[in-house]
Number of protein chains: 2
Amino acid sequence: MDSTNNTPNMRLNQMLERLKESDFRITPQRYAVLHVLANSPDHPSVESIHAELLDNYPTMSLATVYKTINLLKQEGEILELEFSDLSNRYDGKKPYPHPHVICTKCGKITDPSQLNLEEITNKMMEETGFKIVSHRLDFYGICPNCLE
Amino acid sequence: MDSTNNTPNMRLNQMLERLKESDFRITPQRYAVLHVLANSPDHPSVESIHAELLDNYPTMSLATVYKTINLLKQEGEILELEFSDLSNRYDGKKPYPHPHVICTKCGKITDPSQLNLEEITNKMMEETGFKIVSHRLDFYGICPNCLE
DNA sequence: TTTCGTGCAAAAGCTTTGCATTAGC
DNA sequence: GCTAATGCAAAGCTTTTGCACGAAA
């Protein structure tokens, strides 16, 4: 269990607090998007968040989801996984870099247990002279379901 | 020095051989794109490859560069680094997964010395049940030039 | 000569933006 | 009441596709 993410509501509250502190308004639409991001066990796309919310918020626009996502990105409250050939995916539960295992058939994304990349990151900084601030480690393959 | 990539020409010849074996024609345009990919020390984009070739091939179209890149991808002869917010970048010298260090200011991409991820990959397979076939490890930061 | 590749222009897909309306605070 | 957020539609970008012409084997 992650100390920064004991329960979904705790994570939701953290996000809400961050927005309030930065003087952003908490609208029903924003609250709803945050709620999905704080509770999704998988890594939703903008499209899937929008689709999920349409039932309860029939006027919710895709633009609002995009704008909320960008706000959270800017505030460092979500992690964005970029894909050029399909839509991006987001992790609101663990907004810091961590490894992912991605099924290249169905798109399922799971988080394996934490790997410590600190030592490797330090080596990279020494070797390249970069000031490294983030990383991305993805394993691509076929998930157990798709293997059957 | 990499055993599969002793000289640029060796890499170019490997690519040419692969296309010939698969019964693709070697046109001047394809040769030119392969030449750039086999010789670029950085990780070019489709746009930059096209721009570089326009001098000597004034009729070279962006579509042809894209089509050649897709051909090489399909043949496993280049590695694609996907970015959703800017254009993709390609590595023709080392077409297999390996770590990259990426400057988030100027976009420079460099290859640090090889890290062995085999052990970690095996652990991932055991833990998740995935059949892992590839990976992506990127470190993001500010390069020495941009730090000044 | 037949088949494949090129290049143009149009289309596609995701994301952002402009702007008038609406709603937090 | 003031200012910021929403939602619609249009625009922007990268990448793909259709198709007629031209070139490789």
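This one's a predicted model, so the numbers in the text were calculated from it and none came from an experiment. Residue numbers start from 1 in every chain, and the chains themselves are labelled A, B, ... in the order their sequence lines are given, proteins ahead of strands.
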**Report entry** Separation of D/dA5 P from A/Tyr57 OH (nearest whole Å)
**Finding:** 18 Å
Report summary line: In whole angstroms, the gap separating P of C/dG5 from CD1 of B/Ile26 amounts to 10 Å
Query raised in the report: Within this structure, what is the CZ-to-P distance between A/Phe24 and D/dT6, rounded to whole angstrom?
Result: 11 Å
Query raised in the report: Atom CG of A/Leu19 and atom P of C/dC25: how far apart are they, to the nearest Å?
Result: 11 Å
Report task. Figure out the CD1/C1' separation between A/Ile69 and D/dT6, and round it to whole Å. Result -> 16 Å
**Report entry** Over 12 foreign heavy atoms within 6.0 Å of CD, A/Gln74
**Finding:** yes
Report task. Grab the CG-P distance between A/Leu53 and D/dT6 for me, whole Å please. Result -> 12 Å
Query raised in the report: Do the non-hydrogen side-chain atoms of A/His100 and A/Arg89 ever get within less than 4.5 Å of each other?
Result: no
Query - Exceeds 12 heavy-atom contacts within 6.0 angstrom, atom NZ of B/Lys108 - result: no
Requested in this report: Taking the side chain as every heavy atom from C-beta outward, state whether A/Asn122 and A/Met125 have any pair of such atoms under 4.5 Å apart.
Outcome: yes
Requested in this report: Report yes if at least one side-chain N or O of B/Thr27 is closer than 4.0 Å to OP1 or OP2 of D/dA24; otherwise report no.
Outcome: no
Report task. Taking only the side-chain heavy atoms of B/Thr64 (C-beta and beyond), determine which of D/dA5, C/dG7, D/dA24 contains the nearest atom. Result -> C/dG7
**Report entry** Test side chain to side chain donor-acceptor pair (under 3.5 Å) applied to A/Lys67 and A/Asn70, step by step
**Finding:** CA-CA 5 Å; A/Lys67 284 168 186 167; A/Asn70 281 335; over 6 Å; no
Query raised in the report: Looking at D/dG7, D/dA24, C/dA23, which one has an atom nearest to any side-chain atom of A/Arg25?
Result: C/dA23
Query raised in the report: Crowded around A/Glu118 CD? As in, over 12 foreign heavy atoms under 6.0 Å?
Result: no
**Report entry** Between C/dC4 (P) and B/Leu71 (CG): distance, integer Å
**Finding:** 13 Å
Report task. Treat primed atoms plus P, OP1 and OP2 as sugar-phosphate and everything else as base, then score nucleotides 9-21 of chain D 5' to 3': B for base contact with protein heavy atoms under 4.0 Å, S for sugar-phosphate contact only, - for none. Result -> -----SBBBB---
**Report entry** Estimated bend of the helix from C/dT1-D/dA25 to C/dC25-D/dG1 (axis per five terminal pairs, rounded to 10 degrees)
**Finding:** 30°
Report summary line: Rounded to the nearest 0.5 Å, the CD1 atom of A/Ile69 sits from the OG1 atom of A/Thr64 at a distance of 11.5 Å
Query raised in the report: To the nearest angstrom, how far is A/Leu54 atom CG from D/dG7 atom P?
Result: 10 Å
Query raised in the report: Charged N to carboxylate O under 4.0 angstrom, B/Arg11 versus B/Glu77?
Result: yes
Query raised in the report: Is a salt bridge present between A/Glu126 and A/Lys123, judged by a nitrogen-to-oxygen distance below 4.0 Å?
Result: no
Query raised in the report: Taking OP1 and OP2 of C/dG7, is either one under 4.0 Å from a side-chain nitrogen or oxygen of B/Gln29?
Result: yes
